[in-house]
Amino acid sequence: MKVFKNGALVDTETDGHEPNFLTRTQHWLGRSAWSHDGYFDGTIGYLKMWHGVELTASDASSLYLATLKRGSHFWDFRGCSGASLVDSVEGSSLAATFMNGATCSAEGIILDGNNDYVDIDDWEWGGAT
C-alpha cells in the first residue's frame, strides 16, 4: 500500500497481505479503532480513494495538482455544510458523516483532536488489484 499526502509519496507498506473482499466498517477519518490512540487535530481538505488500481508517484502528483474528481471515491470537504457529505463520484452514494462537533470551513473539515471525527458508510472492498 502506498500513502500520498499533497501529491507526494509519504509511506509504503510491503509487509501486509491482500485483504479479503468483504463489507468493511469503521471507515473513520481522525479516529482510530483502538481507544488508546488519540484523535486527529487538524483540517482535511479532501479525500480520494482508489481500489483495484496501483498509482505511480507521477499519477498521484498529477491527480493532486489537477484535483480531479476521479477515483473510486471522492469527498471534497472544502466549503462543505451540514452534517454530512456524499461521495461525488458518479454512481456512488457513500456518505461521510461529521461526528461529535467536526465542523466545515472553506479549507475543509476541521477536527479538534478531542473526540470529533468523520464516519464514512460501510462498503465492500478488498481482493486482487
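When a residue number appears, it is its place in the shown sequence, counting from 1.
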Looking at [X] and [Y], what are the two nearest heavy atoms and their distance?
X      : Y      : result
Asp122 : Gln26  : OD1-N, 4.2 Å
Ala102 : Asp116 : N-CB, 3.5 Å
Cys104 : Gly82  : SG-O, 4.4 Å

Quick one: does [X]'s side chain get under 4.5 Å of [Y]'s, heavy atoms only?
X      : Y      : result
Trp123 : Asp121 : no
Asp87  : Ser93  : no
Phe77  : Glu107 : no

Separation of [Y] [atom2] from [X] [atom1] (nearest 0.5 Å):
X      : Y      : atom1 : atom2 : answer
Met99  : Tyr39  : CE    : OH    : 10.0 Å
Leu85  : Ile120 : CG    : CD1   : 9.5 Å
Ser105 : Arg78  : OG    : CZ    : 11.0 Å
Leu47  : Ile109 : CG    : CD1   : 12.0 Å
Thr97  : Asp119 : OG1   : CG    : 6.0 Å

Handout entry: Thr56: side chain to side chain contact (heavy atoms under 4.5 Å, CB included) partners, not counting sequence neighbours
Key =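 Thr56 satisfies side chain to side chain contact (heavy atoms under 4.5 Å, CB included) with Ser58, Asp59 only.
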
Handout entry: Phe98, Trp28, Phe40 screened by side chain to side chain contact (heavy atoms under 4.5 Å, CB included) with Val118, the one that passes
Key =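 Among the candidates, only Phe98 passes.
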
Exercise for the section: Check the hydrophobic clustering (I, L, V, M, F, W, Y; side-chain heavy atoms under 4.5 Å; chains of links allowed) and say if Trp75 and Tyr117 are grouped together. Expected result: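 In one cluster with Trp75: Tyr117, no.
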
Handout entry: Linked, directly or transitively: Leu94 and Ile44 (ILVMFWY side chains, under 4.5 Å)
Key =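 Yes: a chain of side-chain contacts under 4.5 Å links Leu94 to Ile44.
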
Practice task
Apply the test side chain to side chain contact (heavy atoms under 4.5 Å, CB included) to residues Ser88 and Asp76: give CA-CA distance (whole Å), side-chain angles for both, the deciding distance (0.1 Å), then the verdict.
Solution key: CA-CA 8 Å; Ser88 63; Asp76 190 345; 5.7 Å; no

